[in-house]
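Notes follow once the structure below has been shown.
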Amino acid sequence: SLLFILFDLSQNTQLEQERQIIVTKAIQLNLIKQFEKTWQRTITKSETAKLINHYLHEEVFYREALALNLDKNDTVIRQRLRQKLEFINQAQVDIGLNNDTLITQFFENNIDKYQLPATRSFIQLYIGKNNTAAKFEKVRERLQPGINFSELSALAEPSLLPSQLQLSSAQQIAKIFGDSFSSKLMQLEKGKWLGPITSSYGEHFVYIEEQLEPYTPNLKDIFKRVENDWHYKKEAQLKEAQFEAYLSTYDVVIENNNEN
């Protein structure tokens, strides 16, 4: 009978503790700290009382919701708990974040990702569609090195196309003039008028002013980008490793679903 009495007492004590809400000094200080950080001023006594009252409302409704098992099978709650655990675990990635050796190694292992494409600066003269060989020859005769823009304008057909682009990649050029035009332009020599080259709009003569071939920038010039990429990859690897570690502690059973 003594055993039953002790068990009953322990149950009563547990129930009393479950129905007890202690607003500790640490909780109060945290509430005050958050308030003062948000509003950038010292909190008043009445505001402190309101914060505590708000905390009590939240705690009471939280406990009553748990008592009703409202946290079970709730997708939103499941996602928030997962995000919170991942956020806590993410702190482990920050250890050694500024390890230049690891970032340099990551850059070297993924150097192709950071290669910059070939670019061209050029002037284009649009001469319209369905031109004759005689028209092409006439334009060629006028397109001498050093020709100014006013003379070019007299030769050009009206258009909304840009007459000049600065160090643009093949992809950027293709967005304006089309893939065929862009592909042919990237093969042209620098320093002479060449054409005609056909775009989706018609024919053009082109003068390449500057050309840069593909190159990889120095790590110091793109360090922040590489550091962010390294951090993102490490975080993804850690998440997957943690998931596998957690999963290994479970006995997973996937029931057969004949409907699928």
**OP:** Under the salt bridge (charged side-chain N to carboxylate O under 4.0 Å, His left out) rule, what do Glu47 and Lys50 come out as? Steps first, then yes or no, please.
**Re:** CA-CA 5 Å; Glu47 288 170 336; Lys50 287 180 180 179; over 6 Å; no
Original post:
Can you list the steps and then say if Ile127 with Leu155 is a side chain to side chain contact (heavy atoms under 4.5 Å, CB included)?
Top reply: CA-CA 7 Å; Ile127 58 172; Leu155 293 172; 5.8 Å; no
Original post:
Thr198 and Phe181: side chain to side chain contact (heavy atoms under 4.5 Å, CB included), yes or no, with the steps?
Top reply: CA-CA 6 Å; Thr198 302; Phe181 177 94; over 6 Å; no
Original post:
Which is it for Asp71 and Arg78 under the salt bridge (charged side-chain N to carboxylate O under 4.0 Å, His left out) test, yes or no, and what are the steps along the way?
Top reply: CA-CA 8 Å; Asp71 59 320; Arg78 285 164 61 92; over 6 Å; no
**OP:** I would like to know whether Asp229 and Tyr114 meet side chain to side chain contact (heavy atoms under 4.5 Å, CB included); could you show each step before the answer?
**Re:** CA-CA 11 Å; Asp229 289 346; Tyr114 301 102; 2.7 Å; yes
Subject >> Verdict with supporting geometry, Gln124 and Ile197, side chain to side chain contact (heavy atoms under 4.5 Å, CB included) >> reply: CA-CA 10 Å; Gln124 69 85 19; Ile197 300 176; over 6 Å; no
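Thr104 places no side-chain N or O within 3.5 Å of a backbone atom of Leu102 that could act as its donor or acceptor partner. No side-chain donor-acceptor contact under 3.5 Å links Arg120 to the backbone of Gln211. Ser182 contributes no side-chain N or O that, together with a main-chain N or O of Ile173, makes up a donor-acceptor pair within less than 3.5 Å. Panel note: side chain Asn110, backbone Phe106; a donor-acceptor pair is recorded below 3.5 Å. No donor-acceptor pair closer than 3.5 Å links the side chain of Asn218 to the backbone N or O of Lys220. Using a distance-only test at 3.5 Å, with no hydrogens or angles considered, no donor-acceptor pair links the side chain of Ser183 to the main chain of Asp179. Side chain of Asn53 to main chain of Ala49: no donor-acceptor pair is present (N/O by atom type, distance under 3.5 Å, no hydrogens or angles). Here the side chain of Ser199 pairs no donor or acceptor atom with the backbone of Gly178 at under 3.5 angstrom. Remark: the backbone N or O of Ser169 is paired with a side-chain donor or acceptor of Gln172 at under 3.5 angstrom.
Val139 is listed as a side-chain neighbour of Lys135, based on a closest heavy-atom distance under 4.5 Å. Residues Pro196 and Arg140 meet the side-chain proximity criterion, which asks for heavy atoms closer than 4.5 Å. Contact annotation: the side chain of Ile27 never approaches that of Ile52 to less than 4.5 Å [non-hydrogen atoms, C-beta and beyond]. Side-chain contact check for Ile32 versus Thr48: some heavy-atom pair is nearer than 4.5 Å. Put simply, the side chain of Leu116 does not reach to within 4.5 Å of the side chain of Thr216, judged on heavy atoms. By the 4.5 Å heavy-atom criterion applied to side chains, Leu165 and Ile123 are not counted as neighbours. Between Leu238 and Gln242, the closest side-chain pair of non-hydrogen atoms falls below 4.5 Å. Looking only at side-chain heavy atoms (C-beta outward), Ser168 and Thr119 stay at 4.5 Å or farther from each other.
In this structure, Tyr207 has its ring center under 6.0 Å from that of Trp193.
We find the CD1-NZ distance between Ile222 and Lys113 to be 10.0 Å, quoted to the nearest 0.5 Å. Note that the CZ atom of Phe205 and the CZ atom of Phe122 stand 15.5 Å from one another [nearest 0.5 Å]. A distance of 6.5 Å separates CD of Gln79 from CD of Gln83, quoted to the nearest 0.5 Å. Rounding to the nearest 0.5 Å places NZ of Lys233 at 7.5 Å from CG of Asn109. Atom CG of residue Leu161 and atom OH of residue Tyr201 lie 5.5 Å apart, to the nearest 0.5 angstrom.
Atom CZ of Arg225 has more than 12 neighbouring heavy atoms from other residues, nucleotides or ligands inside a 6.0 Å radius. Shown here is Glu189, whose CD atom has no more than 12 heavy atoms of other residues, nucleotides or ligands within 6.0 Å. Heavy atoms from other residues, nucleotides or ligands lying under 6.0 Å from CG of Asn69 number more than 12. Crowding of Asn130 atom CG: a count of heavy atoms from other residues, nucleotides or ligands under 6.0 Å not exceeding 12. By the 6.0 Å contact criterion, OH on Tyr62 is open, its count of non-hydrogen atoms from other residues, nucleotides or ligands being 12 or less. With a 6.0 Å radius and a threshold of 12 heavy atoms from other residues, nucleotides or ligands, Arg82 has its CZ atom at or below the threshold. In Lys192, the NZ atom is not crowded: 12 or fewer heavy atoms of neighbouring residues, nucleotides or ligands sit closer than 6.0 Å.
Under the 4.0 Å criterion applied to side-chain N and carboxylate O atoms, Lys239 and Glu244 are not assigned as salt-bridge partners. No salt bridge links Glu141 with Lys138; every basic N to acidic carboxylate O contact stays at or beyond 4.0 Å.
Note on ring orientation: taking the six-membered ring where Trp is involved, the planes of His204 and Tyr126 are tilted (angle from 30° to 60°). Relative ring orientation between Phe35 and Trp39 is described as tilted, the plane-to-plane angle lying within the 30° to 60° band.
Under 3.5 Å, the side chains of Glu209 and Gln164 contain a donor-acceptor pair of N or O atoms.
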